[in-house]
Amino acid sequence: MAAAEGCVAGAADTMSKTIVLMGAPGAGKGTQARLLQERMHLPQISTGDIFRALKHADTPLAKEVRDIMQRGQLVPDEVTIQLVKERTAKDDCKDGYILDGFPRTPAQAASLDNLAAEQGKQIVPIQIEVPYDLLEKRMTGRRNCPVCNEIYNIYFKPPRHDNVCDLHPEAQLVHRADDNSETVRKRLATYEEQTRPLLDYYDSKGLLRVVDGDRDTESIYRDVEATVKDE
Ligand code: AP5
Ligand code: MG
């Protein structure tokens with residue numbers, strides 16, 4: 001992969017961090033990113049959430065993105081990279097930020113190396129590892145609050161009252177359009193083909209950290225937070 005080198009782990013304790021949460025669809029990236037945001041006060045940047053927010057926009061790009069997501073494929077690199085550059089240039093990212101769902105291709109990883117070098121940030125890639133046979137149920141059972149985006153699961157984390165957010169009882173939870181069995185299978189195949197190779201990329205640089213994602217959310221969080229603080 002041709003890329004300028006990003007900053008190496010441990011280069012400087014004071015360097016602010018680009019926390020990269022990696023993992024298959026349904027691994028728990030969003031769940032952990034929300035906890036990190038709340039407790040470490042760093043912004044969560046989810047490319048998937050940003051693309052989903054386009055769902056009511058009536059532009060050719062928004063329609064293309066919707067169709068791509070429904071097919072379980074990836075939005076073109078140039079669109080995604082530009083979006084991340086613009087978002088991470090904002091003031092709230094200067095002390096660090098959490099990437100949830102980016103990078104997903106070699107070109108995106110290369111662009112992130114350049115971006116981290118320009119921004120003086122240390123890349124901390126953390127893989128949340130979950131056995132494949134759990135992922136489909138996590139996704140088909142997921143429900144989100146349309147107001148605060150809180151993530152529920154009808155099997156593993158049900159809301160207190162049927163299909164409404166605990167914090168926004170006026171809001172009916174929504175089922176993501178790409179969380180049906182057919183699209184889920186395509187998303188998993190896309191992940192294997194295009195994104196899993198990035199684990200070797202970060203591992204070969206000695207940066208990759210792996211946490212066991214087949215546990216309760218708080219246990220996983222403790223490992224994720226400890227990893228961020230250690231690096
Ligand atoms: P994106 O929104 O990023 O989806 P994803 O990668 O498929 O990941 P998910 O959001 O499905 O899962 P997650 O890991 O966040 O899990 P969660 O915490 O919700 O991307 C969607 C689409 O956008 C892509 O397919 C692509 O088209 C496009 N896109 C996005 N980024 C792109 C990029 N960089 N380049 C190109 N295209 C891009 O948890 C899942 C469920 O499990 C929840 O119900 C949760 O409650 C439950 N759960 C979580 N943790 C646990 C636990 N420990 N135990 C039990 N249940 C748990
Ligand atoms: Mg997510």
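Whatever order the structure lists ligands and atoms in, that order sets their numbers, starting from 1. Throughout, residue positions are numbered sequentially from 1 according to the sequence presented. Just so it is clear, the structure is predicted and the values come from calculations on it, not from any experiment.
Contact annotation for Arg187 and ligand 1: only side-chain heavy atoms (C-beta onward) come within less than 4.0 Å of the ligand. Contact annotation for Gln73 and ligand 1: only backbone heavy atoms (N, CA, C, O) come within less than 4.0 Å of the ligand. Under 4.0 angstrom from ligand 1, the non-hydrogen atoms of Gln108 all belong to its side chain. Here Leu74 has heavy atoms under 4.0 Å from ligand 1 in both its backbone and its side chain. In Tyr152, the part holding a heavy atom less than 4.0 Å from any atom of ligand 1 is the backbone. In Asp77, neither the side chain nor the backbone holds a heavy atom less than 4.0 Å from any atom of ligand 1.
Distances from atom 56 (N) of ligand 1 to the heavy atoms of Tyr155, Phe51, Phe156 show the closest one on Phe156.
Using a 4.0 Å heavy-atom cutoff, Ala27 is listed among the residues neighbouring ligand 1. Using 4.0 Å as the threshold, Arg52 has a heavy atom nearer than that to some atom of ligand 1. Between Gly141 and ligand 1 there is no heavy-atom distance shorter than 4.0 Å. Within the 4.0 Å heavy-atom shell around ligand 1 one finds Arg215. Proximity of Arg176 to ligand 1 is established by a heavy-atom distance of less than 4.0 Å.
Considering Val164, Asp166, Asn153, Ile154 as possible partners of Pro159, the one that fulfils the side chain to side chain contact (heavy atoms under 4.5 Å, CB included) test is Asp166.
Enclosure of atom CG in Asp67 by more than 12 non-hydrogen atoms of other residues, nucleotides or ligands within 6.0 angstrom is indicated.
When atom types are taken as modelled, the side chain of Lys29 and the backbone of Gly23 share a donor-acceptor pair closer than 3.5 angstrom. No side-chain donor-acceptor contact under 3.5 Å links Gln44 to the backbone of Arg34.
Residue Gly213 comes nearest to Ile220 through the heavy atom pair O-CD1, 3.4 Å, listed as atom of the first residue, atom of the second, then distance. Considering every non-hydrogen atom in both Thr31 and Ile151, the closest pair reads N-CD1, 3.6 Å.
Listed by chain and number, the residues in a salt bridge (Lys or Arg N to Asp or Glu O under 4.0 Å) with Glu193 amount to none (sequence neighbours excluded).
Under 3.5 Å, the side chains of Tyr221 and Asp216 contain no donor-acceptor pair of N or O atoms.
Atom NZ in Lys157 sits 14.0 Å away from atom CZ in Arg143 (nearest 0.5 Å).
Protein heavy atom nearest atom 15 (O) of ligand 1, with residue, atom name and distance: Gly30 N, 2.9 Å.
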